[in-house]
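Because the structure is a prediction, the values reported are computed rather than measured. Note: hydrogens, waters and symmetry copies are ignored here, and every other heavy atom, side chains too, is used. Counting starts at 1 for both ligands and their atoms, in listed order.
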Amino acid sequence: MRQKIVAGNWKMNNDKSETKSLIKGLNKSIKKLSLENTRVIIAPSFVNLASAIKKTKKSKIEVVSQNMHQSKSGAFTGEVSADMLTSIGIKTVIIGHSERRSIFNETDNLLAEKVNSALENDLETIFCFGELLEDRKSGNHFNIVEEQLKNVLFQLDEIAWENIILAYEPVWAIGTGETASPEQAQEMHAFIRSIIEKQYNKKVANAVSILYGGSVKPANAKEIFSKEDVDGGLIGGASLNAADFSAIIKAI
Ligand code: 13P
């Protein structure tokens with residue numbers, strides 16, 4: 001079911017005590033909000049997931065993972081499996097972030113394996129994708145986004161889409177201070193819905209939540225979130241500050 005979602009991707013930030021104090025600040029500032037149809041999500045690092053779950057027990061905040069390995073278990077030094085995540089109470093995982101693609105060489109093939117493994121293990125998946133600046137400049141951005149979705153998600157059956165959240169994150173807008181305009185976000189989100197409708201049907205296209213990510217700040221959140229096909233945001237830098245992140249939550 002389509003939902004309003006504000007998610008904070010903390011990336012490799014916040015040690016144990018910083019994690020605790022940021023959650024404390026967030027809990028305090030969102031306590032009085034009604035947030036009836038809105039999900040609030042944070043994605044701390046692996047090592048802080050368990051303590052973050054504990055600290056959010058009585059709050060509206062959901063704790064999710066930034067990544068996982070596609071295999072069930074085995075000799076994969078330094079990796080974390082779906083089972084390990086679900087065993088501590090994680091219900092959702094982010095897959096395909098552009099930093100995983102560009103820095104850790106994660107390909108569409110690998111991401112398809114990860115998404116399949118997450119869904120098989122009952123982990124809802126926030127799937128990230130988006131074009132590079134050169135793709136946007138050459139006018140190839142729609143093709144790139146279509147390819148990314150085709151290669152990873154269009155092999156899924158219709159039912160699996162109930163556990164998919166999309167996060168369109170144009171790479172040129174991530175951490176750069178340069179946001180896609182609300183019109184650019186809306187144009188791409190509407191395009192995404194149209195290709196899902198073509199591949200599946202209207203029901204699937206209208207039910208999926210599509211988040212925008214890339215330099216969302218308190219100052220621009222409201223306008224971006226006001227667009228018809230934008231269901232929320234995946235926030236990096238601004239989610240590391242309780243006042244900024246809660247201002248973004250209030251903007252939805
Ligand atoms: P910024 O909000 O810092 O641009 O990061 C966006 C992002 O990568 C969220 O996953």
Side-chain angles (χ1 to χ4, degrees), residues 3-14 18-19 22 26 39-46 48-49 52 61-68 90 92-106 111 114-115 118 123-133 135-136 141 144-145 148-149 152-153 164-182 184-185 188-189 192 209-225 227 230-252:
Q3 298 163 311
K4 297 271 178 213
I5 301 169
V6 182
N9 175 10
W10 289 3
K11 308 190 180 183
M12 197 173 74
N13 294 293
N14 293 332
E18 289 162 343
T19 296
L22 180 48
L26 275 175
R39 288 173 68 182
V40 176
I41 288 173
I42 55 169
S45 70
F46 282 136
N48 291 313
L49 289 174
I61 300 169
E62 298 170 47
V63 177
V64 314
S65 175
Q66 297 176 17
N67 183 30
M68 57 167 256
I90 293 291
T92 305
V93 60
I94 298 173
I95 288 174
H97 192 278
S98 76
E99 286 143 22
R100 299 297 317 170
R101 293 172 189 262
S102 66
I103 305 169
F104 302 99
N105 304 319
E106 295 195 354
L111 296 174
K114 287 195 176 200
V115 170
L123 279 167
E124 178 187 49
T125 299
I126 301 176
F127 181 68
C128 305
F129 55 95
E131 81 282 1
L132 303 171
L133 182 59
D135 304 319
R136 172 65 61 168
H141 44 297
I144 295 291
V145 162
Q148 289 171 325
L149 290 175
V152 183
L153 296 184
I164 295 285
I165 295 166
L166 300 178
Y168 167 60
E169 299 203 304
V171 179
W172 48 271
I174 296 178
T176 58
E178 190 179 341
T179 328
S181 69
Q184 284 172 320
M188 183 58 87
H189 286 216
I192 292 162
S209 304
I210 311 179
L211 315 183
Y212 166 80
S215 297
V216 177
K217 304 272 179 276
N220 58 26
K222 206 172 182 70
E223 216 189 332
I224 296 173
F225 294 164
K227 293 294 177 190
V230 178
D231 300 306
L234 183 54
I235 325 297
S239 73
L240 300 174
N241 176 289
D244 285 351
F245 193 48
S246 47
I248 294 171
I249 296 164
K250 283 175 198 156
I252 195 124

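Given atom 2 (O) of ligand 1, the protein heavy atom at minimum distance is G236 N, 2.9 Å. When only non-hydrogen protein atoms are considered, atom 7 (C) of ligand 1 lies nearest to E169 OE2, 3.2 Å.
Note on ligand 1: A167 sits outside its first shell, no heavy atom being nearer than 4.0 Å. For the ligand labelled ligand 1, residue K11 lies inside the 4.0 Å heavy-atom shell. G213 does not count as a contact of ligand 1, since none of its heavy atoms falls under 4.0 Å from the ligand. Residue-ligand proximity: G175 is placed with a non-hydrogen atom under 4.0 Å from ligand 1.
At a 4.0 Å heavy-atom cut-off, ligand 1 does not touch S98 at all.
The pair R39-E124 meets the salt-bridge criterion, since a charged nitrogen lies less than 4.0 angstrom from a carboxylate oxygen.
Residues F129 and I144 are not in side-chain contact: their nearest non-hydrogen atoms beyond the backbone lie 4.5 Å or more apart. For the pair L166 and L149, the minimum side-chain heavy-atom distance is below 4.5 Å. Residues I90 and V63 meet the side-chain proximity criterion, which asks for heavy atoms closer than 4.5 Å. At least one side-chain heavy atom of N67 sits less than 4.5 Å from a side-chain heavy atom of K114.
Contact between A7 and F245 at its shortest, heavy atoms only, is C-CZ, 3.9 Å. The shortest heavy-atom contact between S215 and G175 is OG-N, 3.9 Å.
Listed by atom number, the atoms of ligand 1 under 4.0 Å from H97 heavy atoms are 7 (C), 8 (O), 9 (C), 10 (O). Here is the list of ligand 1 atoms found below 4.0 Å of a heavy atom in A173: 4 (O). Per-residue contacts place S215 under 4.0 angstrom from the following atoms of ligand 1 (heavy atoms of the residue considered): 1 (P), 2 (O), 4 (O). Below 4.0 Å from some heavy atom of G237 lie the following atoms of ligand 1, by number and element: 1 (P), 2 (O), 3 (O).
No donor-acceptor pair under 3.5 Å is formed between the side chain of R100 and the backbone N or O of L111. In this structure, Q66 contributes its side chain and K11 its backbone to a donor-acceptor pair below 3.5 Å.
Note: no N/O pair closer than 3.5 Å links L234 and ligand 1 by distance alone. No N or O atom of E99 sits closer than 3.5 Å to an N or O atom of ligand 1. Any N or O atom pair closer than 3.5 Å counts here, and K217 shares no such pair with ligand 1.
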